[in-house]
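Since we're looking at a predicted model, the values are computed, not measured.
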Amino acid sequence: MIDPNGIAHIQLTVRSVAASRAFYHRLLHEAFGMRIQYDTPDVFYCIGGRTGVLIREAAPEHKDTPFDQTRIGLHHFCFRLRSREDIDALHASLVDFGAKIIRAPETGPWAPDYYSILFEDPDGIRIEANFVPGRGNLDRIKDGPLTRPG
């Protein structure tokens with residue numbers, strides 16, 4: 001059996017790297033302290049926290065196609081943070097730079113003491129950040145699949 005070691009990177013396609021750069025710079029570099037690996041007119045890529053996030057511009061024929069999380073492909077992605085206080089600090093930072101907040105920090109049913117925030121990038125791509133104490137559902141999954149909450 002292969003035991004994966006997390007997700008190495010996520011590549012997102014955006015309408016305009018120039019228009020999205022400020023959002024991702026503030027989120028990834030300023031808020032999360034990730035290092036900028038590439039910053040060119042075509043690519044913005046940050047690494048840190050055992051992962052990387054890259055944005056790249058959509059092909060010209062797709063620039064007017066809005067993101068839709070109900071289509072095949074990405075629904076959302078989630079950063080795992082180290083504390084509830086980090087979630088609250090991220091919320092304050094997102095509010096400060098005018099990000100669209102979908103759901104302010106709250107406790108959810110997905111794991112014991114699951115605490116998260118949900119927001120969108122300039123193209124409407126949904127991003128979540130969560131904190132789950134301990135190993136969360138990893139301790140529970142050894143007994144078989146979990147049932148979906150709600």
Side-chain angles (χ1 to χ4, degrees), residues 1-108 110-111 113-138 141 146 148-149:
M1 177 188 312
I2 297 171
D3 183 17
N5 188 25
I7 293 177
H9 63 268
I10 298 167
Q11 179 174 316
L12 303 171
T13 303
V14 297
R15 288 185 184 163
S16 166
V17 170
S20 294
R21 179 179 281 106
F23 172 87
Y24 282 101
H25 188 277
R26 292 191 78 176
L27 174 66
L28 302 174
H29 182 65
E30 294 176 25
F32 290 164
M34 296 171 80
R35 291 189 334 261
I36 298 170
Q37 186 72 24
Y38 303 109
D39 189 357
T40 70
D42 301 323
V43 169
F44 183 74
Y45 182 47
C46 288
I47 58 173
R50 295 181 42 200
T51 193
V53 177
L54 182 143
I55 61 169
R56 175 167 294 194
E57 206 150 304
E61 64 270 22
H62 299 297
K63 285 194 177 195
D64 292 329
T65 304
F67 176 76
D68 183 341
Q69 69 182 138
T70 63
R71 289 189 183 139
I72 292 173
L74 180 74
H75 182 275
H76 77 282
F77 67 100
C78 181
F79 289 98
R80 180 176 296 137
L81 302 187
R82 298 182 186 275
S83 69
R84 290 176 66 97
E85 293 79 16
D86 286 346
I87 298 292
D88 293 336
L90 174 60
H91 179 244
S93 182
L94 292 166
V95 168
D96 182 55
F97 69 84
K100 182 176 180 181
I101 308 292
I102 302 302
R103 184 176 28 78
E106 68 179 18
T107 301
W110 300 280
D113 298 317
Y114 191 100
Y115 189 64
S116 67
I117 182 172
L118 184 65
F119 54 99
E120 289 183 350
D121 84 346
D123 288 312
I125 297 172
R126 292 217 170 163
I127 304 168
E128 180 182 7
N130 75 4
F131 168 70
V132 180
R135 291 174 38 91
N137 284 336
L138 293 175
I141 203 161
L146 300 173
R148 185 174 178 199

Item to check | Non-neighbouring partners of Phe79 that pass ring pair (Phe, Tyr, Trp, His ring centres under 6.0 Å), sequence neighbours left out | outcome: Phe32, Phe77

Minimum heavy-atom distance [X]-[Y], with the two atoms named:
X	Y	answer
Ser20	Ile55	CB-CD1, 3.9 Å
Thr70	Asp68	OG1-OD1, 2.5 Å
Leu90	Ala129	CD2-CB, 3.5 Å
Arg103	Glu128	NH2-OE2, 4.1 Å

Would you call [X] and [Y] a side-chain contact if the rule is heavy atoms closer than 4.5 Å?
X	Y	value
Leu27	Phe119	yes
Ile117	Pro105	yes
Arg15	Pro66	yes
Val17	Val43	no
Tyr114	Asn130	yes

Next on the checklist: Using side chain to side chain contact (heavy atoms under 4.5 Å, CB included), reason through Glu120 and Ile102 one step at a time and then give a plain yes or no.
Outcome noted: CA-CA 7 Å; Glu120 289 183 350; Ile102 302 302; 3.6 Å; yes

Checklist entry - Applying ring-ring contact (aromatic ring centres under 6.0 Å, His included), which residue pairs with at least one partner in residues 51-71 are found, sequence neighbours left out? => result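 Passing the test, one end in residues 51-71: no pairs.
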
Next on the checklist: Tell me which pairs pass ring-ring contact (aromatic ring centres under 6.0 Å, His included) where either residue lies in residues 84-103, with sequence neighbours left out.
Outcome noted: Phe23-Phe97

Checklist entry - Charged N to carboxylate O below 4.0 Å: is that the case for Arg84 and Asp113? => result no

Checklist entry - Would a distance-only check, ignoring hydrogens and angles, find a side-chain to backbone donor-acceptor pair under 3.5 Å from Asp121 to Asp123? => result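 Confirmed, Asp121 side chain pairs with Asp123 backbone.
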
Checklist entry - What residues form a side-chain hydrogen bond (donor to acceptor under 3.5 Å, both in side chains) with Lys63, not counting sequence neighbours? => result Glu57

Checklist entry - Going through the distances and angles, do Leu74 and Leu12 end up as a side chain to side chain contact (heavy atoms under 4.5 Å, CB included)? => result CA-CA 9 Å; Leu74 180 74; Leu12 303 171; 3.7 Å; yes

Between side-chain atoms of residues 1-11 and protein atoms elsewhere (two or more places apart, or another chain), which donor-acceptor pairs fall under 3.5 Å?
{"unit_1": "Asn5", "atom_1": "OD1", "unit_2": "Arg50", "atom_2": "NH2", "d": "2.5"}

Next on the checklist: Apply side chain to side chain contact (heavy atoms under 4.5 Å, CB included) to residues Arg71 and Thr65 and explain how you reach the verdict.
Outcome noted: CA-CA 12 Å; Arg71 289 189 183 139; Thr65 304; 3.4 Å; yes

Checklist outcome for this item: Rounding to 0.5 Å, atoms OH (Tyr24) and CD1 (Ile36) come to a distance of 14.5 Å

Item to check | Residue pairs involving residues 29-42 (criterion side chain to side chain donor-acceptor pair (under 3.5 Å); sequence neighbours excluded) | outcome: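 Non-adjacent pairs meeting side chain to side chain donor-acceptor pair (under 3.5 Å): Arg21-Asp39, His25-Glu30.
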
Checklist entry - Taking it one step at a time, do Leu81 and Tyr115 satisfy side chain to side chain contact (heavy atoms under 4.5 Å, CB included)? => result CA-CA 10 Å; Leu81 302 187; Tyr115 189 64; over 6 Å; no

